[in-house]
Trainee: 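Input: one structure, supplied below.
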Amino acid sequence: QVQLVESGGGSVQPGDSLKLSCLVSGRSLSEEMMGWFRQAPGKEREFVIAIDSTGRNTHTSGHVNGRFFVSRDNVKNTLFLEMSRLKPEDTAVYYCVGKTAGSAYGPYEYWGQGTQVTVSA
């Protein structure tokens, strides 16, 4: 059974940085396309960023381009999302996602439970 467990969410101020982690069990991270989605209150879930199984190719939403970066530690089977220059509109529940193959933008086979990120002054 594949499990994705996010951590690192919290409340920060505009302009701050935050790093999310996603621990994967049940599959080797090196075999998966991994990424992050988010869902803000009253809005649809949206793609944020993804990284392929090789770790060499990333795909980033225009909303976060240049501010969010994804990385992976295949030894620790952990995915990371480094967020900088956070804005109030980044407030959302962030979901770790994974899949074996296919488009970086979805659909994804595996989803974590989500971690809340709140950006406010």
Side-chain angles (χ1 to χ4, degrees):
Q1 182 180 358
V2 180
Q3 286 193 316
L4 282 62
V5 180
E6 304 96 335
S7 61
S11 295
V12 297
Q13 295 186 335
D16 283 354
S17 298
L18 198 62
K19 184 175 181 178
L20 306 183
S21 299
C22 173
L23 177 63
V24 180
S25 61
R27 284 191 69 85
S28 173
L29 197 65
S30 62
E31 299 174 0
E32 305 293 308
M33 166 84 77
M34 299 294 299
W36 295 88
F37 275 66
R38 70 184 182 184
Q39 187 167 21
K43 296 187 177 181
E44 292 188 355
R45 198 171 291 181
E46 66 175 5
F47 170 82
V48 177
I49 199 166
I51 184 169
D52 72 3
S53 59
T54 70
R56 290 194 289 267
N57 300 299
T58 61
H59 306 266
T60 308
S61 163
H63 297 295
V64 304
N65 196 26
R67 300 188 298 120
F68 288 18
F69 297 92
V70 62
S71 61
R72 58 198 298 157
D73 185 331
N74 288 347
V75 174
K76 296 182 178 179
N77 237 34
T78 302
L79 181 75
F80 301 101
L81 177 62
E82 295 186 70
M83 306 181 288
S84 63
R85 290 181 280 140
L86 283 161
K87 305 175 181 180
E89 50 264 44
D90 294 319
T91 295
V93 176
Y94 284 73
Y95 297 90
C96 175
V97 297
K99 63 193 302 183
T100 303
S103 169
Y105 300 97
Y108 278 82
E109 299 173 66
Y110 315 117
W111 290 74
Q113 292 297 311
T115 185
Q116 177 70 46
V117 173
T118 303
V119 186
S120 64

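These numbers were taken from a predicted model, which means no experiment stands behind them.
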Trainee: Between Val117 and Leu79, is there shared hydrophobic-cluster membership here, with clusters defined by ILVMFWY side-chain heavy atoms closer than 4.5 Å?
Mentor: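 Yes; tracing contacts between hydrophobic side chains, which count when under 4.5 Å, links both residues.
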Trainee: Look at the side-chain heavy atoms of Ile, Leu, Val, Met, Phe, Trp and Tyr, link any pair under 4.5 Å apart, and say whether Val97 and Met83 land in one connected group.
Mentor: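 No; tracing contacts between hydrophobic side chains, which count when under 4.5 Å, never links both residues.
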Trainee: Who passes side-chain contact (heavy atoms from CB on, under 4.5 Å) against Val2, sequence neighbours left out?
Mentor: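 Scan of Val2 (side-chain contact (heavy atoms from CB on, under 4.5 Å), adjacent residues dropped) gives Leu4, Arg27, Tyr110.
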Trainee: Would you mind listing every ring pair (Phe, Tyr, Trp, His ring centres under 6.0 Å) that reaches into residues 11-35, with sequence neighbours excluded?
Mentor: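 As it turns out, there is no ring pair (Phe, Tyr, Trp, His ring centres under 6.0 Å) pair with a partner in residues 11-35 once direct neighbours are skipped.
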Trainee: Which residues end up grouped with Val75 if you chain together Ile, Leu, Val, Met, Phe, Trp and Tyr wherever their side-chain heavy atoms are less than 4.5 Å apart?
Mentor: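 Direct or chained contacts put Val75 with none.
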Trainee: Tell me, which pairs form a side-chain hydrogen bond (donor to acceptor under 3.5 Å, both in side chains) where one or both residues lie in residues 66-76, sequence neighbours left out?
Mentor: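 side-chain hydrogen bond (donor to acceptor under 3.5 Å, both in side chains) check on residues 66-76 returns Arg67-Asp90, Arg72-Asn74.
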Trainee: Determine which pairs satisfy ring pair (Phe, Tyr, Trp, His ring centres under 6.0 Å) with at least one residue from residues 31-71, sequence neighbours left out, and list them in order.
Mentor: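 Ring pair (Phe, Tyr, Trp, His ring centres under 6.0 Å) check on residues 31-71 returns Phe37-Phe47, Phe37-Tyr108, Phe37-Trp111, Phe47-Tyr105, His59-Tyr105.
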Trainee: My understanding is that only residues two or more places apart in sequence, or in another chain, count here; which of them pass side-chain contact (heavy atoms from CB on, under 4.5 Å) with Val93?
Mentor: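 Only Tyr95, Gln116 meet the side-chain contact (heavy atoms from CB on, under 4.5 Å) criterion with Val93.
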Trainee: Write out all pairs satisfying side-chain hydrogen bond (donor to acceptor under 3.5 Å, both in side chains) with one or both partners inside residues 3-21, taking only residues at least two apart or from two chains.
Mentor: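 Checked against side-chain hydrogen bond (donor to acceptor under 3.5 Å, both in side chains) - neighbours excluded - no pair reaches residues 3-21.
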Trainee: So which atom in Ala104 and which in Ala50 form the shortest heavy-atom distance, rounded to 0.1 Å?
Mentor: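 Reported closest heavy-atom pair: O-CB, 3.8 Å.
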Trainee: Check the pair Glu46 / Arg38 against salt bridge (Lys or Arg N to Asp or Glu O under 4.0 Å), numbers first and verdict last.
Mentor: CA-CA 5 Å; Glu46 66 175 5; Arg38 70 184 182 184; 2.6 Å; yes
Trainee: Could you tell me which residues satisfy salt bridge (charged side-chain N to carboxylate O under 4.0 Å, His left out) with Glu89, sequence neighbours excluded, listed by chain and number?
Mentor: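 For Glu89 there are no salt bridge (charged side-chain N to carboxylate O under 4.0 Å, His left out) partners, ignoring immediate neighbours.
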Trainee: With sequence neighbours left out, what residues match Ser30 under side chain to side chain donor-acceptor pair (under 3.5 Å)?
Mentor: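 Per chain and number, Ser30 pairs via side chain to side chain donor-acceptor pair (under 3.5 Å) with Ser28.
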Trainee: So, using side-chain contact (heavy atoms from CB on, under 4.5 Å) as the criterion, who are the partners of Thr54 when residues are at least two apart?
Mentor: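 Thr54: side-chain contact (heavy atoms from CB on, under 4.5 Å) contacts with Asp52, Arg56, Asn57.
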Trainee: Considering only residues two or more places apart or on different chains, which pairs with a residue in residues 76-121 satisfy disulfide (SG to SG under 2.5 Å)?
Mentor: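 Every disulfide (SG to SG under 2.5 Å) pair that includes a residue of residues 76-121, provided the two are not neighbours, is Cys22-Cys96.
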Trainee: For Gln39, is the CD atom crowded, meaning more than 12 foreign heavy atoms sit under 6.0 Å from it?
Mentor: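 Counting neighbours around CD of Gln39, more than 12 heavy atoms of other residues, nucleotides or ligands fall under 6.0 Å, so yes.
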Trainee: What side-chain hydrogen bond (donor to acceptor under 3.5 Å, both in side chains) pairs are there with at least one residue in residues 77-88, not counting sequence neighbours?
Mentor: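 Of all non-adjacent pairs touching residues 77-88, none passes side-chain hydrogen bond (donor to acceptor under 3.5 Å, both in side chains).
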Trainee: If we only count heavy atoms from C-beta on, is the Phe80 to Leu20 side-chain gap below 4.5 Å?
Mentor: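 No, side chains not in contact.
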Trainee: Find out if a path of hydrophobic residues (ILVMFWY) with successive side-chain heavy-atom gaps under 4.5 Å connects Ile51 to Met33.
Mentor: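 No; tracing contacts between hydrophobic side chains, which count when under 4.5 Å, never links both residues.
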Trainee: Could you state the interatomic distance from OG (Ser53) to CE (Met34), rounded to the nearest 0.5 Å?
Mentor: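 So the OG of Ser53 and the CE of Met34 are separated by 11.5 Å.
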Trainee: Quick one: do Val12 and Tyr94 end up in the same hydrophobic cluster if we chain Ile, Leu, Val, Met, Phe, Trp and Tyr together by side-chain heavy atoms under 4.5 Å apart?
Mentor: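 Yes; tracing contacts between hydrophobic side chains, which count when under 4.5 Å, links both residues.
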